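The block underneath contains the structure these notes are about, expressed in structure tokens.
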Amino acid sequence: MHILAVGLNHKVAPVEIRERVAVPAEEVGSFLGSLKGGDGFLEAVLLSTCNRTEMYAVAETYHGARNFLLNALSRGEESLKGYFYVHYGLEAVEHLFRVATGLDSMLLGETQILGQVKDAYLAADRAGTVGKVLHLLCRRALAVGKRVHHETAISQNAVSVGYAAVELARKVFGDLRHCRVLLIGAGKMGELTAGYLRELGADFLVANRTVSKAEELAGRFGGKAHGLEDLPWLLGAADVVLSSTGAPGVVVGRPLLEEAIRNRRRPIFLCDLAVPRDIAPEVCGLPLVFLYDIDDLQTVVDANLKERAKEARKAQSIIAEEKDNFAAGIRELEVVPLILSLREKAESIRVREVDRALGKLGHLSEADRRVVERMSELIVNKLLNDPTLVIKEYAAQEDAQIYLETLSRLFRLEIKAPEKELAPELR
Amino acid sequence: MLFLTLGAYGVAIYDQVRLLHKEEMARRAAFSTYLAFSLQTLALLARMIAERGFPGGTLYGWILFFTWLAATLYLIGQKGAFRNGGIFLLPILASFLLVAVLLPEKAAARPSPEGLWLWVHLSAITLSYAAMTFAALTALMYMHEEQSLRWKIFGAFYRRFPPLATLDVWTRRALLFGWITLTAGMVAGSLWAKIVWGSFWNWNPKEVWTLLDWGLFSMALGGWGYLTGRKKVFLVLVAYAVALLNVFGVDLLSGPHRYF
């Protein structure tokens, strides 16, 4: 049994390639279905997002499965095959763990991928291509993802300018539901950030040079539309100011703001998202005023990215630990049924032979019969004791497969699958 | 016992510092903090048995009691806004305890005669100091965060502390509670003074300092809605510093309070 990961992602393939390989969500089921019965092929999960298309599979032989999967994923196009990476065994396991935790993502530590891994797992389960190994693997991957997000700060701290602005606003005001946001101008960054703030339940005031545009924005974010001449009192009423006009000069000067917030006691958080800047940098010195321009926000983002990279190292050590756990789990998955069936076989032989012998020894007393019975049990147990211990030991080694196979052949064991979630049609 | 407590405090502080950088330390930090608290509770109980009652007989006993109260408030509060607040509070409390250990153990300077008002006075004032410690703590956190935002320098503290608005609310709450208990304690104290010395107010240094402190706290509380953030927390910190001087400094001057 071999675990493989075959796929490509944003690091190895440009978007023109990725889009040719991607499998749309509604076709994942039929795609997986079409793989059934392929060359020694046992289990498969397909993860297809805009940044990656990857197949996690369990197969009887490595090479056959590798070529089979490459063909399937590239739809037979030779030119595409060069883009794929193939991970094998525990490397494949580690790769999935890294993917699930967002370590392999374009945006380090993002959490969306965890949901996508879950969806991929469920879709494959519905398609009937998940067996005991991938069940174990996918569940572990989801658990590792959760663990990493819980135990490290890898998914914390905004890594986009818009989110960084929102995070700062929250650091000042806490709950943004009681906050009033003043949106000045209709720049893209301003609108984007305003959208995030809207989701957090902030109220809006909208001001623009052309009132018609202001009305359009007000229609989207709520609140009333104003012209720029209302700024003096609007500034006094706002907690968060997002400014992204296309104006060539300063829109909010120091005297204007000073006058507007004269009676204010709450802090005011100003975000200048425009280039050239809308808000005079001199307002920084005013009490209560926190001013961030686009460069400041970018600095915050850079710092946050560094923070995430630091956390990624912690995540990596968690993944290493979980990889070992998984390896142990897999070995148990293989060795336990083997030992069980060895024991079962021995027991059935013992019972049969003891019954036969006792049938011929009808004159024995009840106590004598028990002695015979006990003797047979002891012989079987003592005989099997060493092989059981040794095989458990071997199972922990790299080449466990050879020993397990030898054992099952030596005793002609049939390994019955203990879990019912096995995909029988793929066996 | 107290040395053990101090040791546990040391460990707890160390863990809290590590917690700043390592989320997975949370459990261990909580454990060591609770351990320090439990040890202190035992030390306090031992003290109370030794003094047969309220541990107000010596400055030593009183500090033990006062820091214990502050730690209790912190442990209640930490569940919400005060994760990582311990990193400031624990060193403050530990240094109080250290002072307590270093102080020469005076014989019980129990005021006599004792009476109900005295005990109300002592408990209320102690409770007030604990609350004020708490207020000072959140004020300190506020100041740090405000400066971080202003100078755009973001350290480990900044990332862990609650929002400014939350710190503002909690400082005010602690301040209000501290002010009420301080006022109650002063009223009880003056009633007691009337019984013992025949006059509500005696103008001894302790009383004057306390009045000054009360004035500062009243200003901070009364001005809460009118002052800007930085000014309010500054006022709180100044008032707290005066309170500390009152506890440790004014004792050196003579007066009927002897130690507090």
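Since the structure is predicted, the reported quantities are computational estimates derived from the model, not experimental observations. Order of the sequence lines fixes the chain letters, A, B, ..., with proteins taken first and strands second; residue numbering starts at 1 for each chain.
Annotation: A/Arg98, atom CZ; neighbour count of heavy atoms from other residues, nucleotides and ligands within 6.0 Å is above 12. Surrounding OH of A/Tyr196 are more than 12 heavy atoms belonging to other residues, nucleotides or ligands, all under 6.0 Å away. Enclosure of atom CZ in B/Phe31 is not indicated, since only 12 or fewer non-hydrogen atoms of other residues, nucleotides or ligands lie within 6.0 angstrom. By the 6.0 Å contact criterion, CZ on A/Arg180 is open, its count of non-hydrogen atoms from other residues, nucleotides or ligands being 12 or less. In the displayed structure, A/Glu321 atom CD is contacted under 6.0 Å by more than 12 heavy atoms of other residues, nucleotides or ligands.
Rounded to the nearest 0.5 Å, atoms CZ (B/Phe154) and CD (A/Glu307) are 12.0 Å apart. For the atom pair A/Asp293 CG and B/Lys152 NZ, the distance stands at 6.0 Å (nearest 0.5 Å).
Heavy atoms closer than 4.5 Å to chain B are found in the side chain of A/Asn157, but not in its backbone.
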Inset, instruction - Assess whether side-chain contact (heavy atoms from CB on, under 4.5 Å) is satisfied between B/Leu164 and A/Phe290, documenting all intermediate values. - result: CA-CA 12 Å; B/Leu164 278 182; A/Phe290 300 109; 3.9 Å; yes
Inset, instruction - Decide side-chain contact (heavy atoms from CB on, under 4.5 Å) for B/Thr166 and A/Phe173; before the verdict, give the C-alpha distance in whole Å, the side-chain angles of both, and the deciding distance to 0.1 Å. - result: CA-CA 8 Å; B/Thr166 311; A/Phe173 298 107; over 6 Å; no
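At a heavy-atom separation below 4.5 angstrom, chain A is approached by B/Glu145, B/Glu146, B/Ser148, B/Leu149, B/Arg150 within residues 143-151 of chain B.
For the residue pair A/Gly174 and B/Ala165, the shortest heavy atom distance occurs at N-CB, 4.4 Å.
Among residues at least two apart or in separate chains, side-chain hydrogen bond (donor to acceptor under 3.5 Å, both in side chains) pairs with a member in residues 173-182 of chain B are B/Trp179-B/Ser218.
Judged by distance alone, the side chain of A/Lys171 and the main-chain N or O of B/Phe161 form a donor-acceptor pair under 3.5 Å.
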